[in-house]
There are 2 protein chains.
Amino acid sequence: MTRTPLADVACSIARATDLFGDAWTALIMRDVLTGVGRFDDLAHDLGISRKVLAARLARLVEEGVLSKERYQERPPREHYRATEKGEELYPVLLALMRWGDRWCAGTDGAPARVHHLTCGRDTTPVTACAHCGDPLTVHNTTQLPGPGGHTGPGTRVLGPLLASRAPE
Amino acid sequence: MTRTPLADVACSIARATDLFGDAWTALIMRDVLTGVGRFDDLAHDLGISRKVLAARLARLVEEGVLSKERYQERPPREHYRATEKGEELYPVLLALMRWGDRWCAGTDGAPARVHHLTCGRDTTPVTACAHCGDPLTVHNTTQLPGPGGHTGPGTRVLGPLLASRAPE
DNA sequence: GGCGGCGGGTTCCCTGAGGGAACTTAACAC
DNA sequence: GTGTTAAGTTCCCTCAGGGAACCCGCCGCC
């Protein structure tokens, strides 16, 4: 299959997707970020093949998203924890969860609530502008080439194409 | 392969991942949301196999994320556009892009900038609490079972496990 | 001190999804 | 009637994922 390598494309979405665009990675990160860090727990909880789980974990450790730590010496036991790089995937999970809540929830509502400890309320994650705090949508934003947007052969920028929408 | 079906798991992340947890889907949505909607344009832009592109588009249309519209009659030409359900995937893309910018960008910076038309500035997407506007992180939130969190066999809730972190 | 169990993987085989490229159909355009 | 563009479809091949069995170090215990 030789999955098309996306990491070298000049698009942060592609680069992130190269790691994250796998059905299991998001769920592994969900579990690890919520405290499930042991191999067997992950395997049982996710229903993932142990082989694939081992491969995913190795990849995530290699990428610096997880770290493997020995939490007891005798007998030697290890678990996986999120690094800072891994913890910052949390907003991606929240965005996915929010979308799933809105569009995939059954009649009885969302399967889980997010409780914001700081303000003490159940909350809904909103993707907002860092400056003005307004929610960002397709319609009130546009993408422009950035400093790293070298447009060589085979590279792509998250296109500044919004203005030139396809013909009506 | 019979990819493990995740849509029936009681977790919105799993449900969203069932659709979105594929390397191509995120990139297709990126393109469609930025105005690339024609089959050939997508195929060239992404470098995706045409067979897989056709399958992905069919799936996305079936799921109600994209719609296929005829934009000219003679000769008949069609393109794909995001539905409301599809447009709401934008925050997920922004979160992915932000993460990629922070952790995968080269020395020359992010490949693209997000410009917020409403406030007129280049912005950084922040995942914030809908109530107080504070950024949400792993540390200031916890997950609790929601109304749809029926914990039958084979179902899972994004666990309320944060408090009971694995042993140190 | 041998036996069972647990945690954390690794190995095996099998299926089927993805890659690549060629082929197809339909509607013009010259 | 030859060429071009758009939008798929078909073919073959390889390799990643699923499933289940196997393995190894280190216990606890009787």
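Protein chains get the first letters and strands the later ones, always in sequence-line order, with residue 1 at the start of each.
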*Between A:D31 and A:R38, does at least one N-O distance fall below 4.0 Å, as a salt bridge requires?*
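No.
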
_Taking the basic N atoms (NZ, or NE/NH1/NH2) and the acidic carboxylate oxygens, is any pair closer than 4.0 Å for A:D18 and A:R59?_
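Between A:R59 and A:D18 there is a salt bridge, with a charged N closer than 4.0 Å to a carboxylate O.
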
*Between C:dG8, C:dG9, D:dG8, spot the one nearest the side chain of A:R38, thanks.*
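Of all the options, the side chain of A:R38 is nearest to C:dG8.
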
*Would you mind telling me which of D:dC12, D:dT5, D:dG8 lies closest to the side-chain atoms of B:K51?*
D:dC12

*Closer to the 5' end of DNA chain D via nearest nucleotide, is it A:R77 or A:R50?*
A:R50

*Using heavy atoms to find the nearest nucleotide of DNA chain D for A:P75 and A:V52 separately, return the residue whose nucleotide is more 5′.*
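First, find each residue's nearest nucleotide; the 5'-ward one identifies A:V52.
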
If only side-chain N and O atoms of [X] are considered, is one of them under 4.0 Å from the OP1 or OP2 phosphate oxygen of [N]?
| X | N | result |
| --- | --- | --- |
| A:W24 | D:dG18 | yes |
| B:Y71 | D:dA6 | no |
| B:Y80 | D:dA6 | no |

*State whether the side chain of A:T83 and the backbone N or O of A:G64 hold a donor-acceptor pair below 3.5 Å, judged by distance alone.*
yes

*Common cluster, B:V92/B:V126, ILVMFWY with side-chain heavy-atom separation under 4.5 Å*: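 Different clusters.
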
*Could you check if a side-chain atom of B:C132 sits within less than 4.5 angstrom of a side-chain atom of A:H116, using non-hydrogen atoms only?*
yes

*Would you please enumerate the stems DNA chain C participates in, each stem being three or more consecutive Watson-Crick or G-U wobble pairs with both distances under 3.5 Å?*
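As far as DNA chain C goes, consecutive pairing (with distances under 3.5 Å) yields the stems C:1-30 with D:1-30.
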
*Find the distance between CG (B:L42) and CZ (B:R50) and round it off to the nearest 0.5 Å.*
10.5 Å

